[in-house]
Structure formats: structure tokens, C-alpha cells
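Worksheet: the structure to be examined is printed underneath.
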Amino acid sequence: MKDPEHGAKPSETGASAAGRGEAHKLVPRGGKGKRRRRKPSGSPSAIASRSGLSGEAGRPAALDEAEPARKRKRRRRSKAARQQGQAPAAVSGAAHEPAITDKKGQKRGKKARQRRGLQGRPLASSGKPLDSERLADTQRSRDVPLAQQPRKDEVRAPYLAPSEPPAPLYAALDLGTNNCRLLVAQPTRPGQFRVVDAFSRIVRLGEGLGASGRLSDDAMERSVEALKICAGKLNARSIRRRRLIATEAARAAENGAAFMKRVAEETGLDLEIIDRETEARLAVSGCSSLVDRETKSVVLFDIGGGSSEIAVIRIGDNRSSRLANHITHWTSLPVGVVTLSERHGGEHVTPDSFETMVREVEGMLDRFDGPSVEALESASGSGFHLIGTSGTVTTLAGVHLDLPRYDRRRVDGLWLSDEEVSAMQARLLSWDFAARAANPCIGPDRADLVLAGCAILEAIRRRWPSNRMRVADRGLREGLLTDMMADDGAWRRGRPRRYQQRGPALAGEERQRSQEGNKA
């Protein structure tokens, strides 16, 4: 932009002005008027120009501070281009910089000091060049250890108001016949929690248990290695309360107690072998939020690796906060996907062998003195349905949705009609082992187990026919966490609910932990 009176840019000073025999000084505008000129006589700018104490190219250092940062940057680039290949000048007049005065002769140093530089620091106005400040900052950062320096991509912890204590952490571990699973969570809204960390691995602890009655060395070794990972996760956090359990495989094996002692010695984890009634109650507690308010009767089943728990729930007018208090009948069948597939073969399943597996489970259910479906429907009207929590029903839901990758958010809480369940079972039965292993919701680790689980599910559906079934991607771990938080009154006290927005890296990491920790 050119000056309206002189036709020269406002930044044109020093050498160009000396060539015309005079120097000009720009002063602030008075109101909305034009810029006014100060006579060159006695002007600090003119004195600086004539004395040769300019900062660069004969330019007064005072004006160098007052001009905008963008123009200074352009001027430095042009100077570097002119002086390319020459030795840089070592003279700087910043230390002799005179104060800038306005029309009334008052100093404007305070206003100049308040202006900001390119890096957000005040411009140097008292003899300290900006490059020196940068050099000092660099030196100070080198003095700080690298581990203590903040990273640009570092995500801070959730924000909590000063009056709000941090939410405690709870941990639940379930060593089952087929899987080793861990959840670490914080209580949030009443009856709910946020997963902080998760782990799940297929260890097949009960492999060969049906034939030998003992845990094999390979199965125990796989389980110990998975438990060491869980121990590392638990030791890395401050856990307020935790509960670690083992189920059917450790319960039925002759060397189950000896294996628990080995686990304690090698991992430092003290696992508790729970009975079948406790296992059934924990399965119900983990699925309490999936029972609708209008539902009056529910048959909930958990198809495990070595046993299958079934609970009949009747809800009256006074609904308890703990769904397990409404259990009227329960049973634990000594059969699961691992034991049933080992007896009948899991890789090559024909319709005849599938029906044989179904009839075996039906014979076990016949010994269960539970209410019939007619009694449940007459007492509840249309409020009766099934709830399935296991890898079998979540696999059926994933195949039904044609998911390219298992997604817990789409599976947990999904409703399936009776016709859809039958269609999915027939579809899986028509696939060979390779086709089942190639499906992303099944995989090679479960390809030989899924049809055995479908046989147990079919026997339950024949005993309690229902028009709909709800899928629950949750189980004993969620039941353990729910019970511990309820016992501590974690939801009665005011818990912090305002969290700082998390970065995409952390959000993606949590989604991955949730999916891999809750699958299977």
C-alpha cells in the first residue's frame, strides 16, 4: 500500500530517504484523519538514519519494531535474497534504539512492548534480540529431560472439577473353559460403567478335560501366559477393588486346585473358583440393563465352554435394582461348546450329528424342574422373551448382520426373531469348516465350536419357544463389575460426568480395546 501523499510504501525509509535528502517519520493517526508528517529536523528516525545505527539496510531499528510482523518477514526474505553468497552484517542497532515519540513527545515504548512476535513472544525492545530469546528457550528445553517434555500428540486425562474426586477403578477377570477375559472400568451413570482397559484371549483351558478329567500341560501353559498379561495390566493401575474368578474347567478338573496355586506363584493373581449358582447369578447381573421395563418373564442362558447356565427370571410389580434377585429357577448344564464338540466332532458336522447333539442337551434339560413356556407366558402375557449371552449368539448376530468385522456396538442388545435365528443356524450348518473359518465373525479359533453352541441354543429354544431373542455381548465380567460397584455404592455418590474431549487416537484405541475385549 502506498502513502497517498508521497507515493512510497510506508516501510520505505533509511537509504531511500537519504537518497532524496530527507527522512520521514510516521506517527499515529489522530482520529480518522490521514497520516501526518513530522519534519525531519530533530526526528529520532532521521537521527538514527543519518548516524548509520540502523538495524538493517539503513532502516531505523525503532520502526523495525513498530511495523507489522508480516512486513518484517517479507523484508527479511528480500534481504536474504540480496545478500546470498555474501557475509552477513554483524552490526545491529537494537541496543542503541531510541524511544519512539508521538506528536506530543510522549513515549510509546509500552505499546510497542505489548505487540507480539511471530512465535507469540513480545518483540525485543530493550536490547535483547528475538534470536537470543529463541536460543535461550532452546537451551532451556535441552536442560529438561526428554521424558519430562510434553509431546504434541499427548492426550490429557479426563477433566475433573476440583471438588470432584476421580472415579475409582474396578477390575474383573474370568478364566473360563475357552477364554481368559479381563475388564477394567470406571462407574459412570447409575448401572453403567466406562471400560478403561480390556483383554481377551482364547486359551482352551478345558481342552481334553472330558476325556482325561485333568487340565493338560499345554492348556495350563497357554492360560498362564494370558494371565501374566492380565497381571501386568492390573499392576500398572491403581485398582480400588477387583475380583478374579475361574469357572467350569478349574471346577471340574482333578488338578484344578493345583493349577490355581501355580497361577498364584507365577503371576501373583489369586483366582477364586466359583460354584455354578454364583456363575448363573453373575450372568444375570451382567445383562440387567437389557431387560425392558415392560418385560415380566425372561429365560436367560449363558453358553460357555464347559458348562451352560440357565436362569428363569420373573419380575413382579416391585422391580429390584438387582435383576438377580428375581431369579426363581436356575440350572447349570455340564456341557459347553468345547466339551460337546470334542464328543461329537466340531470340524465336520452333518445335519444328523447336529441333531444328535441337540437331543443330548434336551435330555439334560428334561431333568431341570423349571416352569414351562405356557406358565411363563400366562403370567407375563406378551412380556416373555429369551436373552442369550455367549460367543454363540453373538456370532449368529454378526453373521446375520453380514459384518465385515465384528462390532460389539452393533451386536450388543440386538433383537433377533425366531425365524432369523433358525435361518442363521441353517446357514452355518450348510458351511464346511473352511467357510466357517473364513467368516470374519467366526474365525479359525471358533470354527469348530460354533455349531456345538448352536445345538445347545436349539435345545433351549425347543424347551422355551419365543418369538424373539435378545443378544447380549456381555457376561460374567460385567456381572462382577456391576455387583462390586453396587456393593460400594459407586452410583449413589455423585460421580464425575464431565470429561474433556478425547483425541481421535485415544478414542480409536478405546474402541479397539472394547471390541477385542468383549468379543468371544
Side-chain angles (χ1 to χ4, degrees), residues 176-179 202 204-213 216 219 248-249 252 301-310 333-368 386 388-403 406 411 416-466 469 471 519-520:
T177 306
N178 192 46
N179 291 75
I202 295 178
R204 297 208 178 194
L205 179 61
E207 186 177 45
L209 178 62
S212 64
S216 66
E248 180 64 22
F301 56 91
D302 181 8
I303 303 175
S307 65
S308 299
E309 281 66 43
I310 302 173
L333 306 180
V335 63
V337 295
V338 175
T339 55
L340 192 62
S341 64
E342 287 181 350
R343 285 202 294 267
H344 298 273
E347 293 189 6
H348 306 287
V349 181
T350 64
D352 293 338
S353 61
F354 180 80
E355 184 65 25
T356 302
M357 289 189 288
V358 174
R359 290 179 179 177
E360 179 180 343
V361 180
E362 282 184 319
M364 298 179 184
L365 285 176
D366 290 339
R367 297 191 291 268
F368 173 46
L386 299 174
T389 166
S390 66
T392 299
V393 293
T394 55
T395 298
L396 286 174
V399 175
H400 169 72
L401 296 174
D402 288 328
L403 297 178
Y406 184 83
V411 170
L416 293 176
S417 66
D418 185 64
E419 293 78 10
E420 290 172 338
V421 176
S422 300
M424 289 305 101
Q425 289 186 165
R427 184 179 179 185
L428 292 179
L429 190 58
S430 65
W431 291 352
D432 58 6
F433 177 80
R436 296 195 300 270
N439 187 276
C441 294
I442 302 175
D445 292 334
R446 303 185 59 86
D448 60 334
L449 305 177
V450 62
L451 287 177
C454 289
I456 300 174
L457 172 60
E458 179 62 23
I460 296 174
R461 293 173 61 220
R462 292 180 183 180
R463 174 68 183 269
W464 294 283
S466 177
M469 179 184 73
V471 179
K519 190 181 181 297

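Position 1 is the first residue of the sequence, and the numbers go up from there.
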Crowding at CZ, Arg462 (>12 non-hydrogen neighbours, <6.0 Å): yes
Arg461 side chain near Phe301 side chain, heavy-atom distance below 4.5 Å: no
Gap between atom CZ of Arg446 and atom OG1 of Thr394 - 0.5 Å precision: 6.5 Å
Asn179 side, atom CG; Arg204 side, atom CZ - distance, nearest 0.5 Å: 9.5 Å
Check: Gly306 main-chain N/O paired with Thr177 side-chain donor or acceptor under 3.5 Å: yes
Cys454 vs Leu428 side-chain heavy atoms within contact, under 4.5 Å: yes
Shortest non-hydrogen contact between Pro334 and Met364, atoms and distance: CD-SD, 4.2 Å
Short side-chain to backbone donor-acceptor contact, Ser308 and Val335, under 3.5 Å: yes
Shortest non-hydrogen contact between Ala459 and Val361, atoms and distance: CB-CG1, 3.6 Å
Atom pair CD1/CZ of Ile442 and Phe433 - distance to nearest 0.5 Å: 10.5 Å
Taking every non-hydrogen atom, the tightest pair across Leu365 and Arg463: O-NH1, 2.7 Å
Minimum side-chain heavy-atom gap Val393-Leu416 below 4.5 Å: no
From Asp448, Leu451, Leu449, Val450, residue fulfilling side chain to side chain contact (heavy atoms under 4.5 Å, CB included) relative to Val337: Leu449
Heavy-atom check, side chain of Val399 versus side chain of Asn439, under 4.5 Å: yes
Side-chain heavy-atom pair Leu209, Glu248 within 4.5 angstrom cut-off: no
4.5 Å side-chain heavy-atom contact, Ser353 and His348: no
Any side-chain heavy-atom pair of Arg359 and Glu362 under 4.5 Å: yes
Nearest-0.5 Å distance, CD of residue Glu309 to CG of residue Leu333: 8.0 Å
Point-to-point distance, once rounded to the nearest 0.5 Å, from CG of Asp445 to CD1 of Ile202: 4.5 Å
Minimum heavy-atom distance Leu340-Ala455, with the two atoms named: CD2-CB, 4.3 Å
From CD1 (Ile310) to CD1 (Ile460), nearest 0.5 Å: 4.0 Å
Flag side-chain contact, heavy atom, 4.5 Å: Glu207 against Glu342: yes
Short side-chain to backbone donor-acceptor contact, Arg436 and Glu347, under 3.5 Å: yes
